[in-house]
Amino acid sequence: MTVLLLGGTTEARHLAALLADERIAAVTSLAGAVAAPQRPEGEVRIGGFGGVDGLADYLRDKAVTLVVDATHPFAARMTANAAAACARAGVPLVRLSRPGWSDRPEAAGWHWVDSIAAAREVARRLGERVFLALGRQSLPEFAEWDDRPVVARVMEAPSMVVPENWTLVRARGPFPLADELDLLRSHSIDVLVTKDSGGPTDAKLSAAAQLGIAVVVIRRPPTPQGVEVVSSPDEALAWVSARLA
Ligand code: NAP
C-alpha cells in the first residue's frame, strides 16, 4: 500500500508528517523547480513524470494505491495530469486545496480576473506603480512593462531578464503586516496583483486594504470534473485512512 503525495506546498508537508505519524507508507513527489526545497518527512522523489503516460506508468510500476494531489492551487497541469492518469490506472485520487481568499471581507472590492493576461490589462488601467506577488513563473507575462516601476516578489530568481526599472524582492513568506505596509508605502504602490493562492501570505491583502490600494486577484483554475476535493491535511488524512481501512 503506497500513497503518492504530489507536493510542493506547506499542506503537502503537513500531510507527509501526518502520514508518517500514522505509519502509512507514502512518497512525496516534488517538481524539482526549486533549488533548495523544504523537504517533507518520509520518502521523496523529485522531477516530472513525463505527462499523463509517465504518471500512469509510475502508478503501475510502484503499485500506488492512492494519490493525494496537494500541489499548489495554480499547478493546473499537474492536477489535470493526475486526474487523467488516476482515471486511466483506476487509482483513487483526492485534491487537497487550501481555502482561497474569496471569503475575506475585502474580496468584494477586488478586481477578479481569470488569467495573468487579464490581470495585466486590468492592472494597467488601475495604476502606475504595481506590486506583483505572483511567483517567478508568471513574471515573463509582464516583461513588456519595462516603462513603469514594478516591484516583483519572488522566492527564487526568475529566468527572465528583469527590466531595469523593476525592483526584485527575494523573500519567502509569510510576511508580517507591518512589513507589507512598509513595502507598499516605500515603493508608493498603487496596484497589487496576486493569485487567489490562499494560505498565510495574506497580510499583503490587509495592507492593501488599509492603504486603499487597488487589488487584482487571479481566480483559481477549476478542479478537473469528478475529482473529490478536501481543504486541509487532516481531511486528506481522513480520506486516506478511510480507503486503507
Ligand atoms: P504545473 O504547471 O501544473 O506542472 C508543470 C509540470 O511540472 C507538470 O506537468 C509535471 O511534469 C511537473 N510537476 C509539477 N508538480 C509536480 C510534482 N509535485 N511532482 C512531480 N512533477 C511535478 O506546475 P507549476 O505551476 O509549474 O508548479 C510546479 C510545482 O511548484 C508544483 O509542485 C506546485 O505545487 C509548486 N508551486 C507552484 C506554484 C504556482 O503558483 N504555480 C506556487 C508554489 C508552489 P510532468 O508532466 O513531466 O509530470
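We number each residue from 1, following the sequence as shown. The model shown is predicted, which means the values in this text are computed figures rather than measured ones.
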Whether the side chain of R170 engages the backbone of M155 through a donor-acceptor N/O pair (distance < 3.5 Å, no angle test) should be reported.
yes
Between atom CG of L4 and atom CG of L66, what is the distance when rounded to the nearest 0.5 Å?
10.0 Å
Thinking salt bridges, do D190 and R129 make one under a 4.0 Å N-O criterion?
no
Polar side-chain atom of R95 near backbone of T71 as donor-acceptor pair, under 3.5 Å
yes
Determine yes or no for a side-chain-to-main-chain donor-acceptor pair under 3.5 angstrom, with W239 supplying the side chain and V229 the backbone.
no
Relative to F74, does R219 satisfy both conditions: NZ or CZ under 6.0 angstrom from the six-membered ring centre, and within 45 degrees of the ring's axis?
no
D182 with R185: basic N within carboxylate O range, under 4.0 Å
no
Taken to the nearest 0.5 Å, the spacing of R220 CZ from S102 OG works out to 8.0 Å
Point-to-point distance, once rounded to the nearest 0.5 Å, from CG of L15 to CG of D234:
9.0 Å
Just to verify, what does E156 make a salt bridge (Lys or Arg N to Asp or Glu O under 4.0 Å) with, not counting sequence neighbours?
none
Using residues 20-41 as the side-chain source, report each donor-acceptor pair under 3.5 Å to any protein atom, sequence neighbours left out, with the distance given to one decimal.
from, atom 1, to, atom 2, distance (Å)
S29, OG, R45, NH1, 2.7
Q38, OE1, R13, NH2, 3.2
Q38, OE1, R172, NH1, 3.1

E180/K204 salt bridge by N-O under 4.0 Å criterion:
no
